[in-house]
K.L.:
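Below is the structure I would like to discuss, written out as structure tokens.
We count residues from 1, following the sequence as given. These figures come from a predicted structure and were not determined experimentally.
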Amino acid sequence: MVEAKAVVDDKKLGKKSKEVKSGKRKWAAIGAMVVLVVAIAITSKHAHDHKSCQCSQDSRKYTGIVEDCCCDYETVDSLNGGVLHPLLQELVRTPFFRYFKVKLWCDCPFWPDDGMCKLRDCSVCECPENEFPEPFKKPMQRGLPSDDLKCQEGKPQAAVDRTLDSKAFRGWIEVDNPWTHDDEMDNSEMTYVNLQLNPERYTGYTGPSARRIWDAIYSVNCPKYTSGEICQEKRVLYKLISGLHSSISIHIASEYLLDEAKNLWGRNLELMYDRVLRYPDRVGNLYFTFMFVLRAVTKAANYLEQAEYNTGNLEEDLKAQSLMRQLLYNPKLQAACPLPFDEAKLWQGQSGPELKQEIQKNFKNISTLMDCVGCEKCRLWGKLQVLGLGTALKILFSVDGKNHPNQPLQLQRNEVIALLNLLHRLSESVNLVHEIGPSVEKSMNEFTSESPLQETSLWRRAREVVG
């Protein structure tokens, strides 16, 4: 009996022990789930608070020296906003810098015209030849008749408005640029375009035709590099093209056709973020290209100061000359960033001359690719800005006043117009990045933050873990 009682007691104790152990495991599982969920909630809240803290405490995302340049982001933004951008805005509106000579109709030497751009936005109103006065075909002439006509078929947003005012330029010396495709000389296929009537903005030119241009530029002529795997000269070329690409994308997004039916224009901030702002390297390359072109302008200060900005409008011509001097010899610029980019460190070593010829060839191919752009207004601004970049390369790398004093700098009038308009475009892009970039990034980060549905899925995953 005693033994039987002991056995029964042992069974009861075993059953009780099992119940206790089962209860412990159950409470342990529940406790684990609670701990995990609390941890997830705290982590999620901390991440949200951390983002808010970052936005409020560190509104400047880009600080320190601009890579491969001699100035920092803070100085560039301060000089651009306070000095350069206001001056350049006034300068490009003067008659001298308002007109650009360009060949708009060109055959693409790389592939046949596929007719991809058939939108009204990409068309051009055809004007009779007699609407263009003879002095425009002869640059050395000084004036235009006052009865010039205007295109009668309207001005779609991608169409080049060929309206001209009553003033003409004086012709400058025609000289070759080893960095660009040689089609800038005067001939019967070139015409003058008023840049103020044809702003750089959205045109509807997208899709395979547009992508093919950029693919050809990057894949053949300046492929993207990885750190430590490319020489500095090729890195510079890539960054220049990437910076120009970023600037163009910013201008397209900043003047975008939001509602075609209402002809409503405005800023497409999502596009600006997706194309540029979300990529720190693209923003950095934009700043680099701005500094590179600014260095070319300041290096050519003597030439640009003495140049004749003569359009026949004395008041406006004096204004252009005054603005140019303010730009070239601004004391704030000279004190804060006297050498935006140091070109002397390039083309060193025995392979320097061969490397220079190779990169010249690549950039010349890029300038030729502008003939393949299917949208006329895009082609206009592509040609202008690539010529401006080629002019900067010419100033910095094809003229050596110290070692070859008998080879002075010589620029075409069109090169100077392209150079300063390019500097203005880059300045405008840098200004937009500085002014609205942080708020756009903050808005996009908040928009893409974790939603309640995502938090619900975390609870489900937590239950699965402890189940």
K.L.:
Would you kindly say whether the two SG atoms, from Cys337 and from Cys70, are closer than 2.5 Å?
P.N.:
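No; the two sulfurs sit 2.5 Å or more apart.
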K.L.:
Given Phe290, which partner from the list Asn285, Val430, Leu422, Val66 fulfils the side-chain contact (heavy atoms from CB on, under 4.5 Å) test?
P.N.:
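For Phe290, the side-chain contact (heavy atoms from CB on, under 4.5 Å) test succeeds with only one of Asn285, Val430, Leu422, Val66, which is Val430.
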K.L.:
Can the ring centres of Tyr73 and Tyr287 be said to be less than 6.0 Å apart?
P.N.:
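Yes, the ring centres sit under 6.0 Å apart.
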K.L.:
Using a 4.5 Å cut-off on heavy atoms from C-beta on, say whether the side chain of Trp179 contacts that of Ile359.
P.N.:
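Heavy-atom side-chain distance check passes, below 4.5 Å.
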K.L.:
Decide yes or no for Ile252 and Thr203: does some side-chain heavy atom of the first lie under 4.5 Å from some side-chain heavy atom of the second?
P.N.:
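Ile252 does not reach Thr203 side chain to side chain.
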K.L.:
Would a distance-only check, ignoring hydrogens and angles, find a side-chain to backbone donor-acceptor pair under 3.5 Å from Asn198 to Asn194?
P.N.:
yes
K.L.:
Donor-acceptor pair, Lys356 side chain versus Phe397 backbone, under 3.5 Å?
P.N.:
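Such a contact is found between Lys356 side chain and Phe397 backbone.
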K.L.:
Do Arg295 and Asp342 sit within salt-bridge range, that is, some charged N less than 4.0 Å from a carboxylate O?
P.N.:
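Between Asp342 and Arg295 there is no salt bridge, as every charged N stays at least 4.0 Å from the carboxylate O atoms.
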K.L.:
Any luck finding a side-chain donor-acceptor pair between Asn365 and Thr368 under 3.5 Å?
P.N.:
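Result is no, nothing qualifies.
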K.L.:
Would you check if the distance from the ring center of Trp265 to the ring center of Tyr256 is below 6.0 Å?
P.N.:
no
K.L.:
Looking only at side-chain N and O atoms, does Ser429 offer a donor or acceptor that is under 3.5 Å from a partner on Ser247?
P.N.:
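Yes - a donor-acceptor pair under 3.5 Å links their side chains.
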K.L.:
Please step through side-chain contact (heavy atoms from CB on, under 4.5 Å) for the pair Glu316 and Lys319, ending with a clear verdict.
P.N.:
CA-CA 5 Å; Glu316 288 291 327; Lys319 179 181 178 181; 4.1 Å; yes
K.L.:
Please report the shortest heavy-atom distance between Gly388 and Leu419, naming the atom on each side.
P.N.:
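Looking at all heavy atoms of both residues, the closest pair is O-CD1, 3.6 Å.
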K.L.:
Is the shortest side-chain heavy-atom distance between Asn414 and Tyr99 below 4.5 Å?
P.N.:
no
K.L.:
Minimum heavy-atom separation for Thr94 to Ala320, with atom names?
P.N.:
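Closest pair (atom of Thr94, atom of Ala320, distance): OG1-CB, 3.9 Å.
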K.L.:
Apply side-chain contact (heavy atoms from CB on, under 4.5 Å) to residues Tyr62 and Asp77 and explain how you reach the verdict.
P.N.:
CA-CA 10 Å; Tyr62 300 97; Asp77 287 330; over 6 Å; no
K.L.:
What's the shortest heavy-atom distance between Val386 and Leu244, and which atoms?
P.N.:
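Of all heavy-atom pairs spanning Val386 and Leu244, the closest is CG2-CD2, 4.3 Å.
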K.L.:
State, yes or no, whether a side-chain contact exists between Val236 and Phe288 at a heavy-atom distance under 4.5 Å.
P.N.:
yes
K.L.:
Evaluate side-chain contact (heavy atoms from CB on, under 4.5 Å) for Asn421 paired with Leu88, printing each intermediate quantity in order.
P.N.:
CA-CA 8 Å; Asn421 272 280; Leu88 288 166; over 6 Å; no
K.L.:
Less than 3.5 Å apart, any donor N or O on the side chain of Gln326 or Ser322 sitting next to an acceptor on the other?
P.N.:
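Yes, Ser322 and Gln326 have a side-chain donor paired with an acceptor closer than 3.5 Å.
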K.L.:
If I compare all heavy atoms of Cys69 with all of Met291, which pair ends up nearest, and what's the gap?
P.N.:
SG-CB, 3.6 Å
K.L.:
Within 45° of the ring axis of Tyr329 and under 6.0 Å from its six-membered ring centre, is that where the NZ or CZ of Arg325 lies?
P.N.:
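No, cation not above the ring by the 6.0 Å, 45° rule.
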K.L.:
Do the side chains of Glu67 and Lys239 get close enough for a salt bridge, i.e. N-O under 4.0 angstrom?
P.N.:
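Salt bridge present between Glu67 and Lys239.
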K.L.:
Looking at side-chain heavy atoms only, is the closest gap between Trp381 and Leu195 below 4.5 Å?
P.N.:
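Yes, side chains in contact.
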K.L.:
Any side-chain heavy atom of His181 sitting closer than 4.5 Å to one from Met370?
P.N.:
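In short, these two side chains do not touch, never coming nearer than 4.5 Å.
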K.L.:
Side chains of Arg425 and His251: is there a donor and an acceptor less than 3.5 Å apart?
P.N.:
yes
K.L.:
Return the minimal non-hydrogen interatomic distance between Arg98 and Arg93, and the atom names on each side.
P.N.:
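Here Arg98 and Arg93 meet closest at NH2-O, 2.7 Å.
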K.L.:
Looking only at side-chain N and O atoms, does Tyr238 offer a donor or acceptor that is under 3.5 Å from a partner on Ser242?
P.N.:
no
K.L.:
Answer whether the closest heavy-atom distance between the side chains of Leu411 and Ile395 falls below 4.5 Å.
P.N.:
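Touching, per the 4.5 Å side-chain cut-off.
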K.L.:
Please check this pair: side chain of Ser78 against backbone of Thr75, looking for a donor-acceptor N/O pair closer than 3.5 Å.
P.N.:
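No; zero donor-acceptor contacts below 3.5 Å.
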K.L.:
Side chain of Tyr273, backbone of Glu441: donor and acceptor closer than 3.5 Å?
P.N.:
no
K.L.:
Closest approach of Leu328 and Gln334, non-hydrogen atoms and distance?
P.N.:
O-NE2, 4.0 Å
K.L.:
For the pair Leu333 and Val83, evaluate side-chain contact (heavy atoms from CB on, under 4.5 Å) and give the outcome as yes or no after the intermediate values.
P.N.:
CA-CA 8 Å; Leu333 175 61; Val83 178; 5.5 Å; no
K.L.:
Is there a donor-acceptor contact under 3.5 Å from the side chain of Asn80 to the main chain of Ser427?
P.N.:
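Yes, the answer is positive, given that a donor and an acceptor are paired below the 3.5 Å cut-off.
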K.L.:
Are the side chains of Glu255 and Tyr202 in contact, using a 4.5 Å heavy-atom criterion?
P.N.:
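No - every pair of side-chain heavy atoms lies 4.5 Å or more apart.
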K.L.:
Decide if the gap between the ring center of His424 and the ring center of Phe97 is smaller than 6.0 angstrom.
P.N.:
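Not under 6.0 Å, so no.
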K.L.:
Between Lys377 and Glu200, is there a side-chain N and carboxylate O pair less than 4.0 Å apart?
P.N.:
no
K.L.:
I need the single residue from Thr289, Val92, Val297 that forms a side-chain contact (heavy atoms from CB on, under 4.5 Å) with Leu423. Which is it?
P.N.:
Val297
K.L.:
So, Glu343 and Lys299, do they make that salt bridge, N to O below 4.0 Å?
P.N.:
yes
